[in-house]
Amino acid sequence: MLHKWKPFSFLEKPHICCRLSSLTFSKPSVSVARLLEEEPPLSRSHNDPVFEILSGLKKLGFRRFLSGDYFRSVVFSLDQLQVNKIINFLRVESPDFAVVFFDLMRNEYRFQHSRFSRFVVAHVLAGQRRLEELRFVLEQMLKEEGSGSAPSLCEHLLYGFRDWDKNSLVWDMLAFVYSRFEMVHDALYVLAKMKDLKLHASILTYNSLLYNLRHTGIMWDVYNEIKVSGITQSKQTNSIVIDGLCRQSKLQDAVSFLRETEATGLGPSIVSLNTIISRYCKLGFAGVAKSFFCMMLKYGLLPDSYSYNILIHGLCIAGSIEEALEFTSDMKKHGVEPDIVTYNILTKGFRLLGQMDGAWIVIQRMLDRGLNPDVVTFTILICGHCQNGNVKEGLKLREEMLSRGLQLSVLSYSVLLSSLCKVGQVQEALVLFYEMEEQGLEPDHVTYSILIHGLCKQGEVQSALLLYKEMCSKSIPPSSLSSGAILLSLCENGMIPEARVYFDSLIMNDWAHDIVLYNIMIDGYARHGNLEEALELYKIITEKGITPTTVTFNSLIYGFCKSRNLAEARRLLETIRLHGLEPTAVTYTTLMNAYCEDGNMRCMLEMLREMHAKGIRPTHVTYTVIIKGLCKQQKLQEAIRLLEDMRYMGLNPDQVTYNTIIQCFCKARNIKMAFKLLIEMWMNSLEPTPATYNILINGLCVHGNLKDANKLLISLHEQNIKLTRVAYTQIIKAHCVKGNAYSAFMFFCLMMEKGFEISIKDYSAVINRLCKRCLITEAQHFFCIMLSRGISPDQEICDVLFNACQQCGDLSFVYEMLAWTIKSGLLTQK
DNA sequence: CTAGGGTTAG
């Protein structure tokens, strides 16, 4: 291997830079002769820099020679082979200098050492038990060699250094460093070679490997090997196994393992018990966690601050803040002082209960104790405000942090980004995202997931994809979450075949067992009426042994409801329980809505009763469905009463709720009440949606006064309020039906002005209606606009116009139309 | 040991 100079790194050093121009790379300069004049080197070696360097070192001493002109003039021409010779020579003569020379070449001259030199120096360091440095040398080597390099490095070590002193230490450290760098396969390879050579690995190496493999079943292979090899286990060995079992969700095995090791004399360690307590807490079993805490005391082990913090945290997430506070005083009594982590945990505890005032009391106590809130404290507070929908307050806290000189972490930014996205302020989120990058913070896969998701939800799929690409280019591997966002957006945009191709590619990768991805795809199929494919995917899930969630079934139920197979939908409700899962409000609401659409109020109410009996709280969506049912039965007063009841029960009606009930009043020709409800929306700071206006405009067109509809739409149009094309098309339709071609034309222009895509369907809708009323000239007019916008007429539109011209007796246009149809190849056979 | 992200219903 040829060594490579890294010119730019040494050019940074001014003294070298100056010399560079005067350097000669061929023969030793005159100054060498002067340096060595006391005893000139052997003449035959004049051209051999290795010889000159070695004799120079000997004569002048290390420091003097290496800082001298000769060495500086010749150093840049040295290749790896020559450096190998020097180092190997020094190893025998004076091992310390071998290391110094090695370091100097690398640090001062950015010399890329060969494997041979590195291993030589590694052996020297191993011989002197300079383990930190040994590790460093091997770390440098493995950083450059990368993963998959173990076989060739082992070969090198095996054939080049077989009987060297302390060879086994170098092997062991090599395995250790591979393991630390998470190059597990390489580490295992080295260990296997060591086994062949009958070399023993140290417990540290085994522990490190055990640690890296603790997520997997291979952990046991390593553990058994430790037992077989007969080396003494350390305290950490058992803790790592227990941690691994916990991470593999084998909590029972972890407990049994703890009991087994108890007998072997080492006894359970604090760390092992802490791990188990932590696991039980995370699963929400604070009671079990407490019993292990007591067990710790029984063993005579004194709980440390970790033990207390873990338990206090467990109690907080279980909602038992009082008990958490009791343990906090308990820890003080036992001489363990609550630290910043304890206070942060308690703050979070209050935050989880929505008691922000309690959170502030904790912070006050923390301040009294002389502890300053840190980034975590602030993040918890920001989180609290954001989850209450108060992003503004969250942003204020950010200011506060900055004014205290606290740098926001990636995490605290992510909290803010997430809540900005949730309230639809994606642009603001992006601004904050760029600020974050400017601060030199590297967004991680969670940050990207949040933004990609936010953009997708806003329909900005292209920007989302750009961000996705950016993430991949930074070699942040896409997570199932960010990919899930893309998948979801493909489904939401109706691109089901594309979604499936993408889905298959995701399943081929690491996320073949992520049920959420399946759920998104199944829902995509169910939503777009492809129940067969949805069921096919469900079959695949069960075949793969993946546990479905209630969401999986909810989507299937939706699919069956959509295809009007209510019996099967209802049967699936029972299937949920057979899988040991609980139906949710979504399950029941989906079914209730289907019964409601079917006009089957009896079954709908039956579902509501069942829901109630099972203790599942209806949501505002459930109530909206019931309101819809009441409206269908023309029970308007009851609907209004339910709307009031909702608020009373703390369920806030949203836009859809109002849209439902407003539509109902429009149909009942009670336009006044419909507008009263619109005002009520405003008063509850609910921004009406485009659908709200569509309902009102339609109500005015069909059941009210068309002039009022005109006024409303024009006013909305002028105020630039977000509308859909439906607002325009339905009023155009109404005017056409009434024969107000001019008004229709005016609104048509307004619709075009707003930049809505106008399709042939819009033209034929107008032309059809105008023709029906024999408004041929007006229909022609729209026909001409259509042609001028580059839209080609289809068969149907030509037929309609042609027939109308004949029937209404406008023969002049018949010929024109005839010419047109011939020209377009759309001639009809009538 | 403490702080962040996803899927479903009207």
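Below, read A as the first sequence line, B as the second, and so on, with proteins coming before strands; counting in each chain starts at 1.
Here Lys562(A) lies out of heavy-atom contact (under 4.0 Å) with every strand. No engagement by Thr347(A) is indicated, since no non-hydrogen atom pair under 4.0 Å with the nucleic acid exists. Contact annotation for Thr342(A): no contact, since no heavy-atom pair falls under 4.0 Å across all strands. Across all strands, Val625(A) comes closer than 4.0 Å only to sugar-phosphate atoms, never to a base (heavy-atom distances). Within the nucleic acid shown, Ser412(A) has no heavy atom closer than 4.0 Å to any nucleic acid atom. Among the protein residues, Asp444(A) comes within range of the nucleic acid bases, having at least one heavy atom under 4.0 Å from a base atom. Residue Asp654(A) is classed as a base contact, given a heavy-atom separation below 4.0 Å to a base. Within the 4.0 angstrom heavy-atom criterion, base atoms lie near Ser409(A). Within 4.0 Å of Arg279(A), counting heavy atoms only, lies no atom of the nucleic acid at all.
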* Intermediate values then yes/no, ring-ring contact (aromatic ring centres under 6.0 Å, His included), Tyr518(A) and Phe503(A) -> CA-CA 8 Å; Tyr518(A) 288 90; Phe503(A) 171 79; 5.3 Å; yes
* Begin with the C-alpha distance, continue with both residues' side-chain angles, and end with the deciding distance and a verdict on ring-ring contact (aromatic ring centres under 6.0 Å, His included) for Phe293(A) and Tyr308(A). => CA-CA 9 Å; Phe293(A) 192 85; Tyr308(A) 275 107; 5.2 Å; yes
* Can you check side chain to side chain donor-acceptor pair (under 3.5 Å) on His313(A) and Lys348(A), steps first, answer last? -> CA-CA 9 Å; His313(A) 181 232; Lys348(A) 182 195 169 189; 2.8 Å; yes
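Near DNA chain B, defined here as any heavy-atom distance below 4.0 Å, the residues from residues 553-560 of chain A are Asn554(A), Tyr558(A), listed numerically.
The side chain to side chain donor-acceptor pair (under 3.5 Å) test applied to Glu470(A) returns Tyr448(A), not counting sequence neighbours. For Asn659(A), the side chain to side chain donor-acceptor pair (under 3.5 Å) partners are Thr689(A), Thr692(A), not counting sequence neighbours. When the side chain to side chain contact (heavy atoms under 4.5 Å, CB included) test is applied to Thr624(A), the partners found at least two apart in sequence or on another chain are Val656(A), Thr657(A), Thr660(A). Arg214(A) meets the salt bridge (charged side-chain N to carboxylate O under 4.0 Å, His left out) test with Asp243(A); sequence neighbours excluded.
Atom NZ of Lys396(A) is surrounded by 12 or fewer heavy atoms from other residues, nucleotides or ligands within 6.0 Å.
Of all nucleotides in DNA chain B having an atom under 4.0 Å from a heavy atom of chain A, the first and last in 5' to 3' order are dC1(B) to dG10(B).
For the atom pair CG of Leu556(A) and CG of Leu537(A), the computed distance is 9.5 Å after rounding to the nearest 0.5 Å.
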